[in-house]
Protein chains: 4
Amino acid sequence: MKNIQRVGMLTSGGDAPGMNAAIRAIVLALDSSVEVIGYKHGYNGLINSESIRLTQSDVDNIIHLGGTIIKSARCKEMRTSAGIKQAVSTLIKDKVDALVVIGGDGSFNGLLAIQEHWAGQVIGLPGTIDNDLDGTDNTIGFSSAINTAIQAVDKIRDTADAFDRVFIIELMGRHSGHIAFHVGLASGAEAILSFENTDTEHPEQVIDSLAKQVKQYQNSCNNSFLICVAENLWPGGVTQLRDQLNRYDFIDASACILGHIQRGGAPSANDRILATKLGVAAVEALKGGMSGFMIGERYAKPILVPLLDAIKHTKMVPDHLIQAHKNIKAINPTKIDNL
Amino acid sequence: MKNIQRVGMLTSGGDAPGMNAAIRAIVLALDSSVEVIGYKHGYNGLINSESIRLTQSDVDNIIHLGGTIIKSARCKEMRTSAGIKQAVSTLIKDKVDALVVIGGDGSFNGLLAIQEHWAGQVIGLPGTIDNDLDGTDNTIGFSSAINTAIQAVDKIRDTADAFDRVFIIELMGRHSGHIAFHVGLASGAEAILSFENTDTEHPEQVIDSLAKQVKQYQNSCNNSFLICVAENLWPGGVTQLRDQLNRYDFIDASACILGHIQRGGAPSANDRILATKLGVAAVEALKGGMSGFMIGERYAKPILVPLLDAIKHTKMVPDHLIQAHKNIKAINPTKIDNL
Amino acid sequence: MKNIQRVGMLTSGGDAPGMNAAIRAIVLALDSSVEVIGYKHGYNGLINSESIRLTQSDVDNIIHLGGTIIKSARCKEMRTSAGIKQAVSTLIKDKVDALVVIGGDGSFNGLLAIQEHWAGQVIGLPGTIDNDLDGTDNTIGFSSAINTAIQAVDKIRDTADAFDRVFIIELMGRHSGHIAFHVGLASGAEAILSFENTDTEHPEQVIDSLAKQVKQYQNSCNNSFLICVAENLWPGGVTQLRDQLNRYDFIDASACILGHIQRGGAPSANDRILATKLGVAAVEALKGGMSGFMIGERYAKPILVPLLDAIKHTKMVPDHLIQAHKNIKAINPTKIDNL
Amino acid sequence: MKNIQRVGMLTSGGDAPGMNAAIRAIVLALDSSVEVIGYKHGYNGLINSESIRLTQSDVDNIIHLGGTIIKSARCKEMRTSAGIKQAVSTLIKDKVDALVVIGGDGSFNGLLAIQEHWAGQVIGLPGTIDNDLDGTDNTIGFSSAINTAIQAVDKIRDTADAFDRVFIIELMGRHSGHIAFHVGLASGAEAILSFENTDTEHPEQVIDSLAKQVKQYQNSCNNSFLICVAENLWPGGVTQLRDQLNRYDFIDASACILGHIQRGGAPSANDRILATKLGVAAVEALKGGMSGFMIGERYAKPILVPLLDAIKHTKMVPDHLIQAHKNIKAINPTKIDNL
């Protein structure tokens with residue numbers, strides 16, 4: 001078993017609920033003789049040599065806290081060789097044996113860069129609400145984000161219902177539709193526009209199909225109509241889509257960008273457990289001498305995924321979920337088109 | 001005691017959590033021999049003669065539901081004499097003895113108009129999240145809206161904290177700052193921009209003062225900085241304010257419009273109780289032959305407020321609250337200006 | 001204006017959400033030159049001389065946290081003259097000019113005892129979920145407790161509804177029914193048993209009346225039936241009441257003690273604002289040389305209430321609330337009795 | 001493809017959040033020409049021939065509702081051949097082609113019994129908060145229950161923290177520790193007592209080990225100490241355990257039975273999605289002529305599990321989760337014992 005005396009840790013990129021739970025699990029799973037150094041504000045902490053000691057009592061009661069106690073940030077300097085050298089130099093100065101980074105694919109790029117210039121072990125944990133990391137069924141933060149989002153959408157449903165209105169809701173997700181799709185399904189949204197199922201090269205057809213669905217709804221049950229849209233998908237965003245739909249005189253549409261509430265708040269039960277399992281597994285991997293891996297979750301168990309594989313592709317929404325969505329006719333645009 | 005056999009009811013204007021609790025209280029407080037007719041979609045239900053019977057079992061288990069089971073809407077026709085006549089004609093046709101309207105000032109204007117042409121009793125209940133109705137300490141829906149908003153702002157605080165970022169959050173409220181102020185105070189926002197305390201005729205001074213505060217924060221504790229802004233206050237909205245603040249190179253600001261989540265969701269305990277008290281009092285008032293009043297709450301007790309008085313002024317945020325805000329130096333712009 | 005250089009603070013008795021918001025408001029409202037000493041674990045901190053300095057950055061981001069950062073406890077020694085002397089001796093040793101205590105009536109007894117032996121100023125803030133302190137419309141923690149409770153009762157309503165079951169729910173409150181009554185009203189409980197409206201000297205009559213109500217419900221709408229009961233009211237508690245009701249063959253009753261969830265969690269918007277207003281007012285009172293008062297809230301404004309008056313009586317549920325409850329027939333035992 | 005014209009549906013046994021989402025998915029996934037008959041109150045609806053038609057508009061907006069719109073119940077008569085015959089006779093009278101039952105293992109026993117006497121198709125969906133059904137990774141309701149429970153435990157943590165107290169919390173689960181274990185892990189409980197890891201035949205050793213842990217905690221960080229206990233595990237329940245721990249003079253323990261809040265409330269995102277996926281898959285299975293299966297979820301995809309296999313064993317908490325728990329030393333009794 002590898003003799004590890006100092007472990008460096010940092011949270012990088014967009015913050016995600018559950019990051020603190022992961023930090024806690026790593027610190028508690030390590031022997032109390034191991035020094036844990038938390039670098040602050042993501043990789044900036046390595047570059048600026050800004051860190052704090054993390055002891056058991058620092059992490060004892062943080063499992064339910066959103067955010068990250070060692071802060072997070074994006075770090076452009078980590079794309080420069082000067083920045084990478086500076087980061088490595090801090091690790092050497094601080095006599096760090098292993099570095100654990102909790103973040104998304106951008107963060108893993110940083111890890112790979114460091115690995116080229118440093119002899120210590122590097123391990124990554126998937127921390128991002130977007131759930132777009134390949135090799136892991138779920139990323140830390142995803143479950144919390146969709147639960148926060150559905151609670152918000154449930155409230156929007158109330159007011160949309162009161163007014164028989166069309167509401168277009170933008171969900172986060174960067175370039176995949178995991179949040180949009182899961183939230184759409186879970187809130188019974190009448191339509192979901194996501195990268196996996198929307199042809200944005202023919203926006204007029206999409207608009208036309210949506211308008212037909214709204215009309216059919218008004219004819220049958222006169223209720224609300226919610227459209228969940230993945231951010232970055234629609235040219236001009238949801239405000240543009242709203243304007244396009246409002247050209248139809250029978251449509252009264254409003255737009256809502258859920259925004260950063262999706263990134264905060266107490267983590268869900270699933271995220272706390274996922275973060276804990278992966279943190280514990282990260283320590284096992286370190287003790288076993290592993291380096292260059294992301295600890296992912298596959299079929300509810302932790303697995304080692306080479307960092308390069310984790311960032312190679314953006315994981316997209318799986319087919320069986322898109323299929324389930326189509327089978328519930330209330331939200332099936334193609335079926336309506338066939339009328 | 002007045003002999004009332006049929007009571008008409010409608011919810012009008014922006015929906016507010018607690019409207020259902022008010023509907024429930026009115027139906028349950030009336031004798032079971034009284035017929036309650038719920039006109040749907042606000043005054044449109046009167047104009048289009050669209051209604052449903054409301055019995056005890058219809059309202060028995062709706063106290064915790066957001067929205068309104070008889071829908072709501074804005075109704076431009078109620079500003080025309082043709083529309084008013086049509087509404088009155090429906091009331092006469094349906095043999096209604098008294099009409100109860102739950103809504104904001106626009107809705108009370110409709111009531112007053114109807115009262116001029118109809119012999120039946122008219123009573124209003126203050127239902128709007130904006131809390132801008134004069135004559136009542138609280139409107140039904142206000143407490144729920146601020147609780148929903150602070151839960152959202154708590155989550156934004158997490159991510160702002162993780163990133164040491166400035167977040168500008170827009171709250172609803174039409175032309176008063178009740179929600180912005182209460183949410184700002186309750187979430188510990190570092191700054192609150194509201195109608196009562198912001199000079200929008202000198203925006204550059206406001207921006208400058210905010211920037212100074214942010215700088216002072218960065219120098220002292222390096223945390224997040226939240227600014228709660230009342231909607232309709234700032235020219236160009238919070239996205240414009242964000243751009244203006246981002247011109248300072250030490251500021252990294254994001255904007256967030258909380259939007260319609262503030263209108264939905266299960267009502268808070270206070271709103272359920274307020275709605276219940278006012279609904280019961282409305283029935284007492286009807287039995288006592290009262291007409292032309294809004295049932296408001298003053299010092300926790302129901303009172304009768306002449307409808308004209310209720311809509312004469314927009315109630316603004318009281319001084320003692322603005323003063324309390326100033327006394328907590330962390331959010332006192334003038335103190336900073338004195339540096 | 002009084003020259004205050006050191007302020008001691010402690011939270012005592014049952015903890016209540018909003019205590020941290022009050023601590024924050026006091027620290028932020030004081031001049032930064034004033035030293036704030038937080039005595040830990042209630043009066044035990046004074047007796048054992050265990051304290052921490054509270055600075056602005058300690059309290060900056062605690063407004064939304066339940067619990068209390070300086071802990072709380074009951075302290076039997078404060079009922080002994082040796083304990084009081086020890087407490088006073090610590091205040092003198094630490095050169096404290098004024099002591100602020102956030103707690104319930106037990107805590108104010110301690111303040112009065114200290115005042116007899118100490119020249120410094122004493123101020124109390126009403127912090128308890130029970131809302132039984134005379135002289136203030138609301139205590140810090142009450143609003144949060146009832147919101148937490150109604151969310152729990154809403155969930156119980158779901159399962160009671162699914163099963164057409166009778167659920168007896170015990171709410172906290174010591175010897176008054178504020179929580180039971182407000183939660184009962186706000187959750188549409190079919191019955192409320194509280195100190196103010198239940199004759200426990202004739203339990204058989206109460207049981208009989210309840211059974212009749214349940215029967216009437218089953219005949220009319222076949223739904224769930226919730227009974228909110230104040231703790232300490234019923235001999236044998238709610239489990240006993242459950243057994244007594246289950247003797248009727250048409251009744252299937254379950255009991256549920258909500259317990260300590262009512263004491264924790266993020267404070268509601270109202271509690272954060274109340275705590276902030278009262279904290280700011282406490283500092284104003286100290287600067288004005290006041291001593292021997294509780295800062296209460298009356299008609300939404302802070303007022304000074306002599307400590308003796310605050311603890312003289314237990315505040316009971318006001319009549320107009322009990323009356324509102326009776327007027328909604330669904331939960332009116334006497335009306336049923338008249339069948 | 002099987003020609004199905006009438007589908008019967010019922011929810012049976014303990015209710016679980018997500019049952020409504022499953023009902024909705026099944027109704028919406030079926031052709032609109034198929035008649036769906038919802039039998040009320042579980043199997044009692046079949047025995048008493050009490051049912052309602054379920055159309056698209058009945059289920060359109062129920063995805064977020066806890067409970068079940070067709071009620072649930074336990075039905076002892078389904079263990080008698082007279083009861084089974086009566087149930088089958090109703091199915092024949094109503095010309096039902098297929099019966100879908102959402103419930104736990106007791107409910108599946110009923111399905112198997114019906115299958116022996118009836119030619120129609122039978123399909124089961126796993127609906128119970130206990131997650132103890134073999135053959136499916138998750139049951140509908142489990143995710144919601146643990147999220148509700150951790151929110152409650154987070155509040156208890158606040159008050160336990162304020163008072164440095166030991167809290168013993170009882171979680172539901174019948175005869176397995178899924179809820180206790182997941183909630184314990186997710187809330188950072190210092191100890192978890194469950195069927196899988198506790199030797200109740202030597203209670204004194206368990207008590208002794210717990211007391212040692214509490215002592216170690218008091219020596220190191222003086223915080224709160226939470227113990228999550230599976231219901232039905234400890235003789236005398238958590239109140240007994242509390243009394244046993246309170247014999248140690250350094251321990252101040254309270255007990256809390258979370259109770260039925262774990263069964264209600266709006267379903268979590270995961271449960272809404274799971275219920276939707278399984279409901280859609282159930283309809284696919286019916287169309288494919290399948291009968292005698294439970295639709296489970298394995299590795300996030302729906303699978304068919306023979307009903308007999310689903311009820312053969314009680315699924316227990318998997319080893320890797322128990323191991324993860326041990327590796328976080330803060331909650332590792334055996335490690336403490338080695339001191």
Side-chain angles (χ1 to χ4, degrees), chain C residues 11-17 19-20 40-42 44 50 65-74 129 141 144-145 148-149 151-165 167-170 172 222-224 238-239 252 254-267, chain D residues 11-17 19-20 40-42 44 50 65-74 129 141 144-145 148-149 151-165 167-170 172 222-224 238-239 252 254-267:
Chain C
T11 45
S12 167
D15 56 310
M19 278 184 164
N20 277 327
K40 300 194 65 180
H41 304 282
N44 296 293
E50 191 190 353
L65 299 182
T68 152
I69 59 169
I70 49 178
K71 311 278 179 140
S72 187
R74 297 197 159 80
I129 63 168
S144 307
T148 289
Q151 287 168 32
V153 176
D154 281 353
K155 292 189 213 283
I156 292 171
R157 173 71 79 180
D158 276 344
T159 186
D161 240 12
F163 270 80
D164 281 349
R165 206 176 249 166
F167 258 91
I168 309 158
I169 303 156
E170 180 184 290
M172 280 183 158
N222 207 22
N223 263 344
S224 49
V238 290
T239 48
D252 175 19
S254 295
C256 182
I257 300 169
L258 282 196
H260 280 81
I261 62 171
Q262 294 166 83
R263 290 256 285 270
Chain D
T11 45
S12 167
D15 55 310
M19 278 183 163
N20 277 328
K40 301 195 65 180
H41 305 281
N44 296 294
E50 191 190 352
L65 299 182
T68 153
I69 58 169
I70 49 178
K71 312 276 178 141
S72 189
R74 296 194 161 81
I129 64 168
S144 308
T148 288
Q151 286 168 33
V153 176
D154 282 353
K155 292 187 213 281
I156 293 171
R157 173 70 79 180
D158 277 343
T159 187
D161 241 11
F163 269 80
D164 281 349
R165 206 177 250 166
F167 258 91
I168 308 158
I169 304 155
E170 180 184 289
M172 281 185 158
N222 206 23
N223 264 344
S224 49
V238 291
T239 48
D252 174 18
S254 296
C256 181
I257 300 169
L258 283 196
H260 281 81
I261 62 171
Q262 294 166 85
R263 289 255 286 268

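Please read these numbers as outputs of a predicted model, since none were measured by experiment. Proteins come first, then strands; the chains are lettered A, B, ... in the order of their sequence lines, and each starts at number 1.
Residue contact with chain D, scored on non-hydrogen atoms closer than 4.5 Å, is absent for C:Arg157.
With hydrogens and angles ignored, the 3.5 Å screen pairs a side-chain donor or acceptor of C:Lys71 with a backbone N or O of D:Asp161.
Side chains of D:Phe163 and C:Arg263 form a contact here, defined as non-hydrogen atoms less than 4.5 Å apart.
Summarising the geometry, atom NZ belonging to D:Lys155 is positioned 6.0 Å from atom CD belonging to C:Gln151; distances are rounded to the nearest 0.5 Å.
Among C:Gly67, C:Ser72, C:Gly66, the residue making the largest number of heavy-atom pairs under 4.5 Å with chain D is C:Ser72. Per-residue counts of heavy-atom pairs under 4.5 Å with chain D were compared for C:Ala73, C:Gly265, C:Gly42, C:Pro17; the largest is that of C:Gly265. Considering only heavy-atom pairs separated by less than 4.5 Å from chain C, the leading option among D:Ile70, D:Asp158, D:Leu258 is D:Asp158. Per-residue counts of heavy-atom pairs under 4.5 Å with chain C were compared for D:Thr148, D:Leu65, D:Thr68; the largest is that of D:Thr148.
Annotation for D:Asp15 and C:Thr159: closest pair OD1-OG1, 2.7 Å, computed over non-hydrogen atoms.
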